[in-house]
There are 2 protein chains.
Amino acid sequence: MIKCPKCLQIDFVQKAGITRGKQRYFCKDCDYHFTLPTPSATTENKRHHQVTIMDIAHQLGISKSTVSRALRGHSDIHEGTRKMILDLAQQLEYQPNPLANALLKSRTNIVGILVPEFRHYFFPTMIMGAQEVLSKAGYNVMICQSDESYETEMANVKALMSSRVDGLLVSVTAQTNNFDHFRAVLRKEVPMVFFNRVCPELETPQVIVDDYNGAFQAVEHLIAQGYRRIAHLAGPNSLLVSRLRLNGYRDALQKHGLPLDPDLVIHYDLSEEKARIYANYLLSLPQPPDAIFAINDPTAIEIMLVAKSRGVKIPQELGIVGFSNDPVSAIIEPSLTTIEQPVWEMGRQAAKLLLEQMEHPHNVTHTLPTKLIVRNSSVNLRP
Amino acid sequence: MIKCPKCLQIDFVQKAGITRGKQRYFCKDCDYHFTLPTPSATTENKRHHQVTIMDIAHQLGISKSTVSRALRGHSDIHEGTRKMILDLAQQLEYQPNPLANALLKSRTNIVGILVPEFRHYFFPTMIMGAQEVLSKAGYNVMICQSDESYETEMANVKALMSSRVDGLLVSVTAQTNNFDHFRAVLRKEVPMVFFNRVCPELETPQVIVDDYNGAFQAVEHLIAQGYRRIAHLAGPNSLLVSRLRLNGYRDALQKHGLPLDPDLVIHYDLSEEKARIYANYLLSLPQPPDAIFAINDPTAIEIMLVAKSRGVKIPQELGIVGFSNDPVSAIIEPSLTTIEQPVWEMGRQAAKLLLEQMEHPHNVTHTLPTKLIVRNSSVNLRP
DNA sequence: ATCAGTTTCGGGAAAGTTCCCGATAGTTTT
DNA sequence: AAAACTATCGGGAACTTTCCCGAAACTGAT
């Protein structure tokens with residue numbers, strides 16, 4: 001019958017219920033419950049196995065500590081032993097398991113990058129700049145895009161945080177008005193740097209360009225070209241860059257004694273469809289503008305396409321200036337006057353700033369310069 | 001003097017060397033070596049602490065197993081206990097540590113995506129498609145770009161593998177001729193799916209479009225428009241898509257009885273500079289082509305810019321067809337005829353295929369359809 | 001031989017989870 | 001009331017690495 005594993009007797013063993021489908025026994029003599037071991041456990045389940053520090057230790061008949069020391073380049077080790085270990089490690093293609101390390105030190109060496117989109121030129125380039133310095137510093141990068149959706153942004157922040165990233169590089173969506181999800185990040189003391197679309201009400205370091213002066217220059221250029229009724233297709237008021245560029249626009253008008261017509265300032269959500277709608281709206285006004293300063297190049301390009309489809313001549317009847325110097329702006333006809341910003345450098349600076357934050361947190365704002373690039377979309381031929 | 005921690009006597013204690021700067025003692029009576037405990041150990045080092053499953057267990061006076069069961073939604077648990085645990089977890093903002101889980105199960109829930117670049121439309125869109133299905137399946141994404149450099153590609157594969165990604169989505173660089181780094185991935189049995197720029201000599205699943213037929217259609221369209229001397233600015237021979245599109249080009253010429261002039265077929269490395277150089281070269285030939293089929297839209301656009309700068313009229317003197325339907329091709333003037341491929345869908349399919357691979361490996365190739373989009377760059381006005 | 005000092009190595013804890021399986025207590029059946 | 005069963009819980013191993021600290025073995029010097 002059934003033998004008790006304790007006393008090896010069979011006389012006192014009796015059935016004692018079933019647990020998880022398995023017959024359970026009870027030895028009256030030993031006062032001991034037990035089940036029979038499952039036979040499946042006997043099969044040698046090798047499975048796929050990454051080579052570990054223990055494998056090396058066993059093969060060499062030494063302890064894992066010694067192997068770890070050799071691999072990590074510590075000092076308390078014999079030169080011959082180190083060489084032996086290093087050789088075997090290479091031969092076995094040993095790769096340290098970053099998960100164990102991350103668990104132990106609670107750092108993953110991953111930084112998260114959160115952007116609204118990466119269809120256009122700006123964010124991909126920014127990301128490449130950031131990646132350049134981050135990978136050099138030994139960090140991997142996890143990229144999320146919120147698709148200009150506040151909900152997705154929240155979900156992404158959550159996912160990134162649950163992945164235990166060591167830091168965050170963020171550009172918020174056009175519809176983000178509530179910043180609680182970022183406050184949660186701050187509360188967990190995860191370093192975070194905002195770039196481009198920053199968060200002024202949060203005390204975090206940030207990298208921006210001189211949006212105000214860029215916009216100012218752009219509008220002043222239009223005025224110098226003889227345009228007088230200059231509209232501004234602006235971003236949402238929630239974004240600081242929208243407000244700064246709007247201020248630049250407004251002050252340039254004021255400086256040159258031009259009135260600020262509220263009808264000519266339109267805030268929109270940065271979507272392509274809305275850009276087209278508002279471009280059409282502006283051009284249908286009883287007194288349409290003779291120039292438009294667009295919040296960014298994709299917007300400016302949509303305006304140009306609308307204008308062209310309506311037969312409005314650029315730059316004769318409509319001057320246009322964008323912002324960012326998207327490569328497409330040099331390709332489109334007429335080529336688009338724009339404000340260049342050092343996008344790649346922004347990425348680098350943001351990454352550098354993040355690395356600094358990891359060392360010692362401090363609140364700074366880096367502001368990068370902008371530069372007017374005059375092309376054909378704003379050169380008014382009428383003197 | 002010094003007291004032995006075992007016998008609490010001082011008579012038998014004597015100095016016994018120094019280890020790491022600390023005086024070491026030996027008790028002759030107990031035959032026991034010891035050092036004095038460092039006083040720094042007394043300071044309570046709380047540090048920053050993520051709330052764990054153990055915190056919940058302690059606060060509730062239950063075991064970690066029970067907490068785990070409640071959180072994972074297992075069955076062996078009382079409904080009241082579960083609720084209590086879930087409530088406290090929410091209150092403490094408990095987030096499970098994915099590192100511990102990953103270490104245990106050796107799965108990170110991260111997939112790596114490796115692309116040559118993401119400045120243009122194609123790869124970002126592809127990535128977004130992939131991300132759509134991957135994030136729905138609970139995976140995070142780690143994106144690397146090789147910058148069309150074989151060395152960077154190797155480094156990226158290594159970094160991704162050392163990050164223990166659960167799978168890999170890859171599009172190789174234009175200069176990749178050696179595939180050993182991918183063989184290493186296969187050897188470690190990490191699922192991998194190639195897309196667009198695939199690796200025919202590796203037995204891996206892949207997602208491509210019907211490059212041959214797309215190219216065939218493109219060239220046949222040019223022929224139908226009356227172009228007779230059609231050049232092909234092709235990609236490097238190492239890429240299958242280059243070869244397939246070249247085949248389509250060649251067969252279309254052959255079908256319509258046009259000669260294949262080797263001088264009109266140029267392989268290049270897909271860099272912008274080379275595109276310009278070869279475009280200039282083609283247009284400077286004693287008998288220049290009257291049309292060019294370009295390997296992709298960015299190439300076609302570079303050709304158009306060169307042609308325009310040389311005063312060559314498109315489409316009258318030069319017909320151009322690209323491949324991919326990059327949004328810019330609709331913006332540029334004249335608008336660019338191109339072969340549309342379902343880029344977003346490619347990303348989705350590749351991701352789906354990867355998820356399938358994780359379940360049960362099987363070698364398949366998904367081929368997606370292409371579609372000719374006729375615009376103005378190829379409509380020959382001469383009948 | 002005895003002692004101080006040095007070099008090199010090993011053992012064990014810790015990080016946070018999940019999972020296996022045995023252990024209770026309570027409930028129903030015979 | 002004994003036997004059989006169910007519901008619920010706890011203990012411990014495992015995943016891989018690093019780090020602390022004690023142990024052993026050695027080198028010279030007395």
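Worth knowing before you read on, the calculation uses all heavy atoms, side chains too, and leaves out hydrogens, waters and symmetry mates. Just so it is clear: chains get the letters A, B, ... in the order the sequence lines come, proteins before strands, and each one is counted from 1.
Residues Leu71(A) and Ala89(A) come closest through the heavy atom pair CD1-CB, 4.2 Å. Closest approach of Val111(B) and Met358(B) over heavy atoms only: CG1-CE, 4.0 Å. Residue Phe194(A) comes nearest to Val172(A) through the heavy atom pair CE2-CG1, 3.7 Å, listed as atom of the first residue, atom of the second, then distance.
Rounded to a whole Å, the NE2 atom of His33(A) is 14 Å from the C1' atom of dT6(D). One interatomic measurement links the two molecules: CD1 of Ile77(A) to P of dC21(D), which rounds to 20 Å at whole-angstrom precision.
Using bins of under 30°, 30° to 60° and over 60° for the plane-to-plane angle, the ring pair His33(A)/Phe26(A) lands in the tilted bin.
Within 4.0 Å of Ser75(B), counting heavy atoms only, lies no atom of the nucleic acid at all. Using a 4.0 Å heavy-atom cutoff across all strands shown, Asn101(B) reaches sugar-phosphate atoms only and no base atom.
Proximity of a side-chain donor or acceptor of Ser68(B) to a complementary backbone N or O of Lys64(B) within less than 3.5 Å is not detected. Between the side chain of Asp147(B) and the backbone N or O of Ser149(B) there is no donor-acceptor pair closer than 3.5 Å.
When side chains are defined from C-beta on, Thr204(B) counts as touching Leu186(B), because their heavy atoms get closer than 4.5 Å. Counting heavy atoms from C-beta on, the side chains of Leu60(B) and Val67(B) never come closer than 4.5 Å. Residues Gln50(A) and Lys188(B) meet the side-chain proximity criterion, which asks for heavy atoms closer than 4.5 Å. Between Val13(A) and Phe34(A) the shortest side-chain heavy-atom distance falls below 4.5 Å.
How far CG of Leu160(B) is from NE2 of His181(B): 11.5 Å, rounded to the nearest 0.5 Å. Between the CD atom in Gln357(B) and the CG atom in Asp166(B) there is a gap of 13.5 Å [rounded to 0.5 Å]. Taking NZ of Lys105(A) as the start and CG of Asn101(A) as the end, the distance is 4.0 Å to the nearest 0.5 Å.
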Gln91(B)/Asp87(B) under side-chain contact (heavy atoms from CB on, under 4.5 Å): CA gap, chis, key distance, verdict: CA-CA 6 Å; Gln91(B) 185 197 322; Asp87(B) 285 350; over 6 Å; no
side-chain contact (heavy atoms from CB on, under 4.5 Å) evaluation trace for Val115(A) with Phe195(A): CA-CA 10 Å; Val115(A) 295; Phe195(A) 63 93; 3.8 Å; yes
Stepwise side-chain contact (heavy atoms from CB on, under 4.5 Å) check, Ile56(A) with Ile85(A): CA-CA 7 Å; Ile56(A) 299 180; Ile85(A) 293 169; 4.2 Å; yes
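Where the helix from dA1(C)-dT30(D) to dT30(C)-dA1(D) starts and where it ends, the local axes point in directions that differ by 70°; five pairs per end, rounded to 10°.
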Sequence-aligned protein contact record of nucleotides 1-6 of chain C, with B where the base is within under 4.0 Å of a protein heavy atom and S where only the sugar-phosphate is: ---SBB
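Sorted by residue number, the members of residues 52-60 of chain B with any non-hydrogen atom under 4.0 Å from DNA chain C read Thr52(B), Ile53(B). Sorted by residue number, the members of residues 82-97 of chain B with any non-hydrogen atom under 4.0 Å from DNA chain C read Tyr94(B), Gln95(B), Pro96(B), Asn97(B).
Exactly one residue among Leu134(A), Val133(A), Thr108(A), Ile110(A) makes a side-chain contact (heavy atoms from CB on, under 4.5 Å) with Tyr139(A). That residue is Leu134(A).
The residue among Thr81(A) and Leu71(B) whose nearest nucleotide of DNA chain C lies closer to the 5′ end is Thr81(A). Where His78(B) and Leu103(A) each meet DNA chain D at their nearest nucleotide, the meeting point lying more 5' is that of His78(B).
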Distances under 3.5 Å between protein N/O atoms and the N/O atoms of nucleotides 10-12 of chain C, please, pair by pair.
residue, atom, partner, partner atom, Å
dG10(C), OP2, Ser63(A), N, 2.8
dG10(C), OP2, Ser63(A), OG, 3.1
dG10(C), OP2, Thr66(A), OG1, 2.6
dG10(C), N7, Arg69(A), NH2, 3.2
dG10(C), O6, Arg69(A), NH1, 3.1
dG11(C), N7, Ser65(A), OG, 3.1
dG11(C), O6, Ser65(A), OG, 2.7
dG12(C), N7, Lys64(A), NZ, 3.0
dG12(C), O6, Lys64(A), NZ, 2.8
dG12(C), O6, Ser65(A), OG, 3.3

Dump every N/O contact between nucleotides 28-30 of chain C and the protein below 3.5 Å, one line per pair.
none

